[in-house]
Amino acid sequence: MHIGGIPVRTLVAMYGTPLYVIDEEAVRAQCRAFHRAFAATGVRYDISYASKAMCIQALCRIVAQEQLSLDVVSAGELHTALSAGVDAARIHLHGNNKSEHELYTAVRAGVGYIVVDHFDEIEALERIAASLSCTVHVMVRLTPGVVPHTHASIATGQDDSKFGFQLRGGIALEAARRIVRAPHLVLHGVHVHIGSQLMDAAPYVQAVSRIAEFVRAMDDALGVSVGHINVGGGFGIQYTHDDHPDDISDTVRALVRAAQEAFGDAMPVIGIEPGRSIVGAAGTTVYTVGAIKRIPGVRTYVTVDGGMTDNPRPALYGSTYRAALIAHDDRHSTDTEVVTIAGKCCESGDVLLRDVALPRVHVGDWIAVHDTGAYNYAMASNYNRFPRPAVVLVCGGVSGVVVVRETVEDVVRLDRMPPWL
Ligand code: LLP
């Protein structure tokens, strides 16, 4: 098995396990696929990488080189992007509870726009912009009342959501009214994010029609129009053979067509914010098998040197993955066995893959879990005080560390001992 032209066993020998490996060409290919999909429609568009999927400096730089804008949701993500050299004007800030400090930092940095999520934030932004004698472009985030088919924890478009201004009851219209009246705010556009790991265009098409309704309502009530809409991220990827996401080009074509029908000559710029679909399939996590427990008639546990600390998604969302075995002695047995790949954290829920068929596994073999680029390193923790793995970028037969492996010293770096102990 090779990634980016390098045998996985070479990467393991160089960097150890557990190891996140990111295939740079695969990231670039996804960025280009989105560009091609929009370019084919002829509309004006803006693709932002939702950096929450994996926010490290190297990735921020790669997506910026691929002419993507960037969505950040915290001072930490903003700092990562700026320190990677991303142009502030191409960054926008999200968040359902941005602190005054985060808003101030973003405005000072000169981000392209801020997506507002609640009424107090409109006031805070107006105050900050006035204190700095500048104007701030804002998008109003709608909660469009669209219920996507995905895991409840990653659905956001439904009315019962902590995100955005509900369309229902005129709440979103009131937000737009307050923005328009604020002397230092400019209403840049309308934003929605419906959910994540969506398989087809249907929820986007529905969302576009809700946005168009809202834009008409704004025009009628406030006499304002907007030049920019953003339909968020959510483009699903194939983790296992049970996932069948539509092709990016089909989804983009359908959502653009819906916008063209809804807006006609007043077609705004269409923005999207893909995270998972940019980086998910480009990532692989490589582990070493440390223990095998065969419980006759029950289950065979293959335990690896990572787990829910580097990939909490199976435990959190019941997410499924594909895995491959790399035999230590390079000799793969032809018989397969069904095993459960468990992590080394002290809890039973720490299972990465359940009932997966692999060639006979031995201690010291390596297991590669595919499609771990999105929301794995980003959500990693130090539970049980495990140091987080390194992240390595590979491209054309060359590899380089983009996040250094943590050590046990890193794990205690922020601990302090009060004088009375
Ligand atoms: N835009 C907004 C406003 C979002 O909230 C999100 C994701 C995205 C864009 C990017 O969505 P994507 O294209 O990556 O689906 N931790 C969960 C995913 C949470 C997604 C949160 N928001 C997981 O591991 O599945």
Side-chain angles (χ1 to χ4, degrees), residues 27 30-31 33-34 37 46-55 59 63 68-74 77 91-98 113-118 139-144 146 148-158 161-165 189-201 203-204 207 211 229-240 243 245-246 248 251-252 255 270-283 285 308 310-321 352 369 371-381:
V27 175
Q30 284 304 97
C31 297
F34 274 108
D46 182 34
I47 306 162
S48 303
Y49 170 56
S51 68
K52 72 202 78 181
M54 186 175 197
C55 192
L59 262 179
V63 298
L68 264 57
S69 302
L70 205 92
D71 141 25
V72 299
V73 297
S74 68
E77 288 185 353
I91 298 175
H92 62 266
L93 178 68
H94 264 291
N96 65 310
N97 181 17
K98 306 172 194 77
Y113 60 86
I114 293 179
V115 184
V116 293
D117 210 280
H118 60 97
M139 297 273 255
V140 58
R141 178 162 173 173
L142 286 190
T143 312
V146 172
H149 296 288
T150 190
H151 191 283
S153 302
I154 53 175
T156 38
Q158 68 284 2
S161 170
K162 69 172 182 172
F163 296 105
F165 297 96
V190 179
H191 186 286
V192 301
H193 171 74
I194 322 148
S196 203
Q197 187 59 357
L198 309 178
M199 291 295 148
D200 58 44
Y204 296 101
I211 295 175
I229 66 169
N230 192 317
V231 297
F235 304 85
I237 66 168
Q238 184 176 40
Y239 284 106
T240 71
D243 301 322
D246 279 357
I248 284 170
T251 305
V252 166
L255 82 86
I270 299 196
I272 57 166
E273 284 167 351
R276 190 190 314 270
S277 49
I278 297 291
V279 76
T285 311
M308 65 192 295
D310 59 77
N311 184 0
R313 300 191 68 255
L316 267 178
Y317 317 115
S319 309
T320 49
Y321 287 88
L352 291 171
V369 177
D371 306 310
T372 57
Y375 305 110
N376 277 226
Y377 175 73
M379 294 172 73
S381 77

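For the numbers below, each heavy atom of this structure counts, side chains included, while hydrogens, waters and symmetry mates do not. Atoms within each ligand, like the ligands themselves, are counted from 1 in listed order.
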- Message: Tell me whether Ser277 reaches ligand 1 (any heavy atom closer than 4.0 angstrom to a ligand atom).
- Response: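 No, that is not the case, since the closest heavy atom of the residue is not under 4.0 Å from the ligand.
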Check: For ligand 1, is there an atom lying under 4.0 Å from some heavy atom of Ala374?
Finding: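 No, Ala374 has no heavy atom closer than 4.0 Å to ligand 1.
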Set of residues satisfying salt bridge (Lys or Arg N to Asp or Glu O under 4.0 Å) with respect to Asp117, sequence neighbours excluded:
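Checked Asp117 against salt bridge (Lys or Arg N to Asp or Glu O under 4.0 Å); zero matches.
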Enumerated ligand 1 atoms positioned under 4.0 Å from heavy atoms of [X]:
X	answer
Gly234	11 (O), 12 (P), 13 (O), 15 (O)
Arg141	3 (C)
Asp71	1 (N), 9 (C)
Gly275	12 (P), 13 (O), 14 (O)
Pro274	13 (O)
Ala50	8 (C), 9 (C), 10 (C)
Met379	16 (N), 24 (O)
Arg313	23 (C), 24 (O), 25 (O)

Check your understanding: So do Phe165 and Val116 actually touch side chain to side chain, heavy atoms under 4.5 Å?
Key ->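 Counting from C-beta outward, Val116 and Phe165 do come under 4.5 Å.
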Out of Tyr239, Tyr317, Phe235, Phe163, who is nearest to atom 17 (C) of ligand 1 when you count heavy atoms only?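 Heavy atom nearest to atom 17 (C) of ligand 1 belongs to Tyr317.
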On a heavy-atom basis, I'd like to know which of Glu273, His193, His94 is closest to atom 7 (C) of ligand 1.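 Ranked by closest heavy atom to atom 7 (C) of ligand 1, first place is His193.
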Under 3.5 Å: N/O of [X] near N/O of ligand 1:
X	result
Lys52	yes
Ala53	no
Gly195	no
His191	no

* Kindly determine whether His193 and His94 satisfy side-chain hydrogen bond (donor to acceptor under 3.5 Å, both in side chains), including the steps that lead there. => CA-CA 11 Å; His193 171 74; His94 264 291; over 6 Å; no
*Would Phe34 and Tyr49 count as a close aromatic pair, with their ring centres under 6.0 Å?*
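Phe34 vs Tyr49: aromatic centres not under 6.0 Å.
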Suppose we screen for side-chain contact (heavy atoms from CB on, under 4.5 Å). Which residues come up paired with Ala281, at least two apart in sequence or across chains?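 Partners of Ala281 under the side-chain contact (heavy atoms from CB on, under 4.5 Å) test: Asp371.
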